[in-house]
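Shown next, in structure tokens, is the structure this report addresses.
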Amino acid sequence: MSKYDDLPREQLIELLKKRDRTKKLGLVWERDEIEADNAVDANFVAATIIPDLSDKLAPWRNMVIEGDNYDALRWLRMTMAGQIKCIYIDPPYNTGAKDWVYNDHYANPEDAYFHSTWLEFLFRRLTLARDLLAEDGVILVSINDEQRAKMELLLDEVLPGMRVGSFVWRTKDSSNDAERNYSSVHEHVLAYAKSGFSFLGYKLDDKKYKHDDNDGRGRYSLDPITKAHDYTERGNTYYPIQDPATGWWYPCNPDSVWRFATKDRLKDGQKLRTKTIEDLIEDRRIHFSGKSFFEFQSKAELRDAIIEKRGPVDGNGRQLLRLDLPDLDFWVGKKIADGRPSQKAYWNEKDVTIKPVSSFILGAKDAVTSEYFELVSEKQGKATGVIQDIFGRRAFQNAKPVSLVKSLLIAAASEDATVLDFFAGSATTAHAVMELNAEDGGDRHFIMVSSTEATADDPDKNLCRDVTAERIRRLNASEDQKFAELSADFAYLRCREIEFEDLDQDLAPAEVWAALETLHRLPMTRYTQALWQEHKTEQQTLIFADRVRTELLDHLRGVVDRRENAFVYAWAPGQITAVLGDALDVRSVRTELVGRFRQ
């Protein structure tokens, strides 16, 4: 009996259509598309705040979510689709080791589909994560060298056209496990982003803009006016330049010709996108640096100077005049300057005053680091030391360095960004957000998702509660000088699955309230079991009525009279609109949440 025998005709047709659309080039792995599609909407996911496990007083602006990250992502897609600016994840690396909770189901190294199950596991989660990204959002994925190719192809499949590039970081200074005389001491961070995203960059250093002619144009730097083509490739831009103030001539480097055209060699009707060298000289935008000059009265004298290596040179000491050049006769009797011309680049004329980020995040002490990415000096080993400092024990293995994640967030997460990590582990990402906010006064928020990792042998294990959330709690309470400035409130949420047919009876008011506040971009508060729940800000009023009573209707009349921008949710909205008409935006809890869940 085939697995297709029980499928209805419509599903078989849809399956065939999908296979017709399948790309023939790219990553291929064994997967059951129908099972995968059905899994997304197999049931509803609810989340409720556990006040005793939350930290600091409400309202809470950050979240720690306990549950399978597939469920948590389904809940987040319902409540925060298109709202996340930055996602950073450090997923399991498919090593086959029993170092993660999903190992038995997804990464059994003896399974013939060892890689396929790992890819399918990530594919389902990354597909949901894609729907969470804002139009200027980015997802950053850590991966080791062995799995980098598969991960990149997988991300190409999930996020077509969104590849930005990758970063390389050094995990340690040296390695004792070098095979084939090759020491693997680096990992990668892959970057994929929506169309509106750009790395923030860092402010361009203006130190080189130190020249000023006191002519009102301001400070300028001296930029080269050559390009990497020789005189045989770009003959039209191989020509001498004369300083009109001194009459001295500047030879063109035969190996790096001028960037600008000259009027003398333009064809009739030819139009240029840039100014000619004559235009720049007339506008006083060319700096002539010569302090003295050479002069040769005969070609023989010039030839002797070239052979004896006397005469003008470039910045690297290479001769500018050579015996094989076609224009040697021109230079006889000319005053040939000993310097080089440069273009004046004015600071106040720059459209962009930031530098792009580097693709290298180096961790070795002798490495040349960029001005933007800080030295990742913690490395993998020292990151474990940070865990030891916080917990007094090695509560988590293989944590990423805070400095690595913080460097990425500096580059990718603006001061008001929401940062999501759905493989949160030891909450390094939350720690990085806290440090960054403390340093620059930012208002970034985090969402950490972690499972319990409970097993049959260890049913009481709860990684999310005892490590992920506990690290943030300890940072909040720490008196250690290293962590003194760190602070972040958070609501601790727990996910559960509910069958759709049971929603009306089983979905608790507190679960509805958590979803509605998140949906309306409000910090989270406790559900108090009052006659109705209300969250009011200057911009909006959110009201949830688990039951419609006379007191609620009287309150809503007041909301109408005050012309508040109100959103009212109820299980039976018709009971409200029958009395108040369309004076308020009244919505069905079930219709709104289920509709967004199944989007």
Side-chain angles (χ1 to χ4, degrees), residues 3 6-8 10-11 14-15 18 31-50 63-84 101-102 104-106 117 120-132 158 420 422-424 447-456 459 462-465 491-519 524 527 544 546 569-572 587-599:
K3 66 178 181 179
D6 294 332
L7 294 180
E10 292 76 13
Q11 280 193 306
E14 183 60 28
L15 181 60
K18 281 190 175 184
R31 64 188 309 257
D32 187 327
E33 296 179 45
I34 292 177
E35 192 276 334
D37 289 347
N38 290 341
V40 176
D41 295 332
N43 47 35
F44 185 84
V45 177
T48 188
I49 296 173
I50 312 298
M63 299 183 204
V64 175
I65 304 178
E66 175 193 308
D68 186 310
N69 55 12
Y70 187 67
D71 287 344
L73 286 168
R74 289 195 290 158
W75 185 84
L76 287 169
R77 189 180 67 160
M78 173 180 68
T79 56
M80 297 194 70
Q83 299 300 313
I84 305 296
V101 70
Y102 306 99
D104 291 339
H105 184 57
Y106 284 98
T117 47
E120 179 65 15
F121 167 82
L122 291 174
F123 179 81
R124 297 190 189 188
R125 286 149 179 81
L126 290 167
T127 302
L128 292 167
R130 175 192 62 201
D131 295 341
L132 295 176
V158 178
L420 167 65
F422 54 90
F423 286 99
I447 303 172
M448 299 293 105
V449 179
S450 184
S451 66
T452 65
E453 296 200 1
T455 64
N462 193 324
L463 178 74
C464 186
R465 179 192 65 205
Y492 189 100
L493 292 92
R494 184 170 289 149
C495 289
R496 70 181 182 115
E497 298 175 349
I498 304 175
E499 299 301 321
F500 282 106
E501 58 268 25
D502 297 330
L503 275 181
D504 291 351
Q505 297 78 32
D506 290 356
L507 186 61
E511 293 170 325
V512 174
W513 186 240
L516 294 179
E517 283 190 306
T518 307
L519 181 61
M524 307 189 83
Y527 185 77
F544 166 53
D546 188 43
Y569 289 84
W571 288 104
R587 303 177 181 183
S588 162
V589 168
R590 183 185 180 90
T591 300
E592 192 73 16
L593 296 186
V594 172
R596 290 178 178 275
F597 192 87
R598 285 176 161 167
Q599 61 188 321

Next on the checklist: Consider salt bridge (Lys or Arg N to Asp or Glu O under 4.0 Å). Of Arg124, Arg494, Arg125, which one does Asp68 pass it with?
Outcome noted: Arg125
Item to check | Trace of the side chain to side chain contact (heavy atoms under 4.5 Å, CB included) decision for Tyr70 with Leu128 | outcome: CA-CA 8 Å; Tyr70 187 67; Leu128 292 167; 3.6 Å; yes
Checklist entry - What pair of heavy atoms forms the shortest contact from Ile65 to Cys495, and how long is it? => result CG2-SG, 3.5 Å
Next on the checklist: Test side chain to side chain contact (heavy atoms under 4.5 Å, CB included) on Tyr569 and Val512; report intermediate values, then the result.
Outcome noted: CA-CA 10 Å; Tyr569 289 84; Val512 174; 5.9 Å; no
Checklist entry - Got Leu516 and Leu593 here, is their nearest side-chain heavy-atom distance under 4.5 Å? => result yes
Item to check | Non-hydrogen side-chain atoms of Val64 and Cys464 separated by less than 4.5 Å | outcome: yes
Item to check | Main-chain N/O of Arg465 paired with Tyr492 side-chain donor or acceptor, under 3.5 Å | outcome: yes
Checklist entry - Would you say the side-chain atoms of Glu120 pair up with the backbone N or O of Thr117, donor to acceptor, closer than 3.5 Å? => result no
Checklist entry - Quick one: is the NZ or CZ of Arg598 closer than 6.0 Å to the six-membered ring centre of Phe500, and within 45° of its axis? => result yes
Next on the checklist: Going by ring pair (Phe, Tyr, Trp, His ring centres under 6.0 Å), name the residues that satisfy it together with Phe44, two or more places apart in sequence or in a different chain.
Outcome noted: Phe597
Checklist entry - Which atom names give the shortest non-hydrogen contact between Trp571 and Leu503, and what distance separates them? => result CH2-O, 4.1 Å
Checklist outcome for this item: When every non-hydrogen atom of Ala454 is compared with those of Pro459, the smallest separation belongs to CB-O, 3.6 Å
Item to check | Residue list, salt bridge (charged side-chain N to carboxylate O under 4.0 Å, His left out) with Arg496, at least two apart or on another chain | outcome: Glu511
Checklist outcome for this item: Heavy-atom closest pair (Trp75 atom, Ala515 atom, distance to 0.1 Å) is CZ2-CA, 3.9 Å
Checklist entry - Are Met80 and Ile447 side-chain neighbours, meaning at least one heavy-atom pair lies under 4.5 Å? => result yes
Checklist entry - Would Leu76 and Ile84 satisfy side chain to side chain contact (heavy atoms under 4.5 Å, CB included), going step by step from the backbone distance to the final call? => result CA-CA 10 Å; Leu76 287 169; Ile84 305 296; over 6 Å; no
Checklist entry - Nearest 0.5 Å, what's the CE-CG distance between Met448 and Asn69? => result 12.5 Å
Item to check | Residues that Phe422 engages under ring pair (Phe, Tyr, Trp, His ring centres under 6.0 Å), provided they are two or more places apart | outcome: none
Item to check | Smallest separation among heavy atoms of Val45 and Met78, with atom names | outcome: O-CE, 4.2 Å
Item to check | Shortest non-hydrogen separation from Met524 to Ala491 and the atoms involved | outcome: SD-CB, 4.1 Å
Checklist entry - Should Thr452 and Glu66 count as side-chain neighbours, where that means a heavy-atom distance under 4.5 Å? => result yes
Item to check | Pairwise salt bridge (charged side-chain N to carboxylate O under 4.0 Å, His left out) hits with a residue in residues 73-82, at least two apart | outcome: Asp71-Arg74, Arg74-Glu497, Arg77-Asp131
Checklist entry - What's the verdict on side chain to side chain contact (heavy atoms under 4.5 Å, CB included) for Leu132 and Leu73, showing C-alpha distance, side-chain angles and the deciding distance? => result CA-CA 9 Å; Leu132 295 176; Leu73 286 168; 3.8 Å; yes
Next on the checklist: Could you work out, with salt bridge (charged side-chain N to carboxylate O under 4.0 Å, His left out) as the rule, every residue matching Arg130, not counting sequence neighbours?
Outcome noted: none
Checklist outcome for this item: Residues passing the side chain to side chain donor-acceptor pair (under 3.5 Å) test with Trp513, sequence neighbours excluded, are Glu517, Thr525
